[in-house]
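Labels below follow one simple rule: chain letters A, B, ... track the order of the sequence lines, proteins then strands, and each chain is numbered from 1.
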Amino acid sequence: MPEGNEIHRFAERHAAALAGGRVSADSPNGAFPDAEVLHGRKLQAVEAYGKHLGYVFGRDMILHVHLGMYGDFREGTMPLPPEKGALRLRLWNRANWVELRGATDCSIFDAEKWQALLARLGPDPLRPESDPEPGFAVIARRNTPIGQLLMDQSVFAGIGNIYRAELLFRAGLHPRTPGREVPRPSIASIWKDARKLMPLGMIDRRIVTTLAKDRALKRGPEADQDRTRKRGAAPVDQAIPHQRGLAQDDEIHYVYRRHGKPCLRCGTKIEKEEMAGRTVYWCPACQKR
DNA sequence: GTGGGATGGGCAA
DNA sequence: TGCCCCTCCCACA
């Protein structure tokens with residue numbers, strides 16, 4: 001379900017709710033029998049790298065969670081809610097609980113396995129210390145389309161299908177452009193844009209990438225104050241200038257899942273195609289090779 | 001009620 | 001490249 005931005009948000013929230021003390025753990029659907037190994041242990045920290053989460057219980061006891069396409073968390077304050085659905089894992093303390101469903105992976109890593117995972121991930125735009133150069137270098141020598149390279153977690157970690165499409169639109173770059181033909185300033189600006197856009201991404205659990213000036217919907221200041229969810233409209237954060245104003249469902253993205261609809265900038269029909277098993281979307285007029 | 005698709009990735013071949 | 005994992009949601013009947 002989520003891309004890197006939401007994974008990092010989960011890490012922050014789960015650390016705030018549960019880290020620093022002992023937690024209880026169980027696996028109501030039995031799909032994570034190691035829950036009993038974690039039960040009663042102190043959760044030291046929660047880390048996010050790309051789309052991977054690590055719940056650190058010890059040097060050789062890191063709970064690795066990858067949500068994949070279907071996985072999701074729910075969070076709340078005690079008491080635990082009634083058990084519902086296929087519940088893989090619950091973690092809780094006296095104050096808070098976290099539930100995990102549908103994850104691609106939920107298993108305990110030792111230090112070696114955790115390091116091996118990190119070693120195969122490229123720089124993560126959401127980690128301030130990330131050096132993008134290794135990612136730039138890979139792109140500069142590959143003939144693979146840039147649309148495919150942006151989805152490759154060993155090039156950059158954390159970018160998913162929505163940000164792939166939207167970053168390319170914002171850069172004016174056609175997804176089929178071979179990596180080695182992407183000008184250095186273009187890829188540098190995509191990295192910079194990802195650094196800026198991804199932390200601001202989630203509005204009402206949706207990613208909003210469009211500028212207010214590109215959205216048809218214009219509202220007065222009083223509407224801007226309205227933070228409640230309206231059917232089909234996402235309230236956006238006043239503190240984020242590029243997201244000022246409400247965003248209708250079909251204008252929270254420039255191209256992602258907008259195939260056949262007019263481009264928000266130029267009116268040309270958005271196109272789509274399969275690229276390495278995933279659908280990529282672009283505006284044939286705004287995005288050039 | 002049903003069926004297809006989805007913000008992902010590992011694996012076999 | 002295609003298959004699997006195995007969950008939720010929406011459009012459509």
Side-chain angles (χ1 to χ4, degrees), chain A residues 1-11 27-32 48-54 64-75 81 83-90 98-107 109 113-114 116-122 124-126 144-145 147-170 175 193-194 197-210 229 231-232 234 247-250 252-261 272-282:
Chain A
M1 187 170 177
E3 302 196 15
N5 59 310
E6 199 174 2
I7 298 301
H8 282 255
R9 235 175 47 140
F10 281 135
S27 177
N29 76 348
F32 178 56
Y49 289 86
K51 300 168 187 166
H52 299 262
L53 283 161
H64 172 253
V65 174
H66 194 293
L67 295 177
M69 201 86 96
Y70 325 119
D72 202 7
F73 288 106
R74 286 180 195 178
E75 303 145 4
E83 290 178 28
K84 209 179 95 185
L87 193 41
R88 180 88 53 96
L89 169 67
R90 293 191 292 196
V98 168
E99 293 179 342
L100 172 65
R101 289 176 174 78
T104 284
D105 188 49
C106 170
S107 62
F109 281 23
K113 199 171 176 188
W114 180 250
L117 165 67
L118 300 190
R120 63 170 193 266
L121 295 178
D124 177 348
L126 289 173
T144 307
Q148 201 173 321
L149 290 168
L150 287 183
M151 291 283 280
D152 183 338
Q153 301 297 297
S154 72
V155 176
F156 297 133
I159 295 174
N161 206 13
I162 297 179
Y163 281 114
R164 177 259 293 270
E166 298 297 293
L167 289 168
L168 287 172
F169 177 88
R170 289 165 59 103
D193 200 27
L197 207 52
M198 292 180 73
L200 309 178
M202 295 308 291
I203 309 294
D204 249 15
R205 301 207 72 184
R206 295 190 297 178
I207 292 170
V208 176
T209 58
T210 48
R229 175 74 184 269
R231 177 178 290 276
Q248 291 290 358
D249 269 341
D250 84 331
I252 62 176
H253 307 132
Y254 285 109
V255 293
Y256 177 75
R257 295 245 264 170
R258 295 198 65 250
H259 53 287
K261 293 180 178 171
K272 70 160 181 172
E273 74 177 21
E274 287 285 304
M275 181 177 279
R278 305 298 300 280
T279 310
V280 65
Y281 308 83
W282 74 95

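Taking every heavy atom of both residues into account, A:Thr209 and A:Tyr254 meet most closely at O-CE1, 3.4 Å.
In this structure, CD of A:Glu274 is placed 13 Å from P of B:dG8, rounded to the nearest angstrom. When the P atom of B:dG10 is taken as reference, atom NE2 of A:His64 falls 9 Å away, rounded to whole Å. In this structure, A:Arg74 atom CZ and C:dT7 atom P are separated by 13 Å, rounded to whole Å. Put simply, CD on A:Glu166 is 12 Å from P on B:dT7, counting in whole angstrom units. Separating the CE atom of A:Met151 from the C1' atom of B:dG9 is a distance of 10 Å, rounded to the nearest angstrom. The nearest whole Å value for the distance from the CG atom in A:Leu53 to the P atom in B:dT7 is 19 Å. Atoms CG (A:Leu117) and P (B:dG9) sit 11 Å apart, rounded to a whole Å. At whole-Å resolution of the value, CG in A:Asn161 and P in B:dT7 are 4 Å apart.
A:Thr279 pairs by the side chain to side chain contact (heavy atoms under 4.5 Å, CB included) definition with A:Lys272, A:Glu274, A:Tyr281, not counting sequence neighbours. Applying the side chain to side chain contact (heavy atoms under 4.5 Å, CB included) test to A:Ala165 and every residue at least two apart in sequence or in another chain returns A:Val255, A:Tyr256. Here A:Arg90 pairs with A:Asp26, A:Glu83 under the salt bridge (Lys or Arg N to Asp or Glu O under 4.0 Å) rule; sequence neighbours left out. Judged as a side-chain hydrogen bond (donor to acceptor under 3.5 Å, both in side chains), and not counting sequence neighbours, the contacts of A:Glu99 are A:Arg101. Applying the side-chain hydrogen bond (donor to acceptor under 3.5 Å, both in side chains) test to A:Thr144 and every residue at least two apart in sequence or in another chain returns A:Arg142. Residues meeting the ring-ring contact (aromatic ring centres under 6.0 Å, His included) test with A:Phe109, sequence neighbours left out: A:His64. Here A:Asp193 pairs with A:Arg170 under the salt bridge (Lys or Arg N to Asp or Glu O under 4.0 Å) rule; sequence neighbours left out.
Within 4.0 Å of A:Arg257, counting heavy atoms only, lie sugar-phosphate atoms of the nucleic acid but no base atom. Heavy atoms of A:Arg164 sit nowhere under 4.0 angstrom from any nucleic acid atom.
Neither OP1 nor OP2 of B:dG8 sits under 4.0 Å from any side-chain N or O of A:Gln153. Within the 4.0 Å cut-off from OP1 or OP2 of B:dT7, not a single side-chain nitrogen or oxygen of A:Tyr163 is found. Applying the 4.0 Å criterion to OP1 and OP2 of B:dG8, one finds that A:His66 has every side-chain N and O outside that range.
To the nearest 0.5 angstrom, A:Phe169 atom CZ is 13.0 Å from A:His253 atom NE2.
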Worked verdict on A:Leu67 versus A:Phe10 for side-chain contact (heavy atoms from CB on, under 4.5 Å) = CA-CA 11 Å; A:Leu67 295 177; A:Phe10 281 135; 3.9 Å; yes
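A gap of 23 Å separates the P atoms of B:dT2 and C:dC6, to the nearest Å. Between C:dT1 and B:dT7, the two C1' atoms lie 23 Å apart (nearest whole Å). Rounded to a whole angstrom, the distance from the C1' atom of B:dG10 to that of C:dC8 is 22 Å.
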Under a 3.5 Å cutoff on both atom distances, Watson-Crick or G-U, what's the dot-bracket for DNA chain B ([ ] crossing, | other strand)?
-> ||||||.|||||.
Tabulate protein N/O versus nucleotide N/O from nucleotides 1-6 of chain C, keeping only pairs under 3.5 Å, one per line.
unit_1, atom_1, unit_2, atom_2, d
C:dC5, N4, A:Tyr70, OH, 3.3

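With distances taken from any side-chain atom of A:Lys51 to the nucleotides B:dT7, B:dG9, C:dC8, the minimum falls on B:dG9. When distances run from any side-chain atom of A:Arg278 to the nucleotides C:dC8, B:dA6, B:dG8, the shortest one goes to B:dG8.
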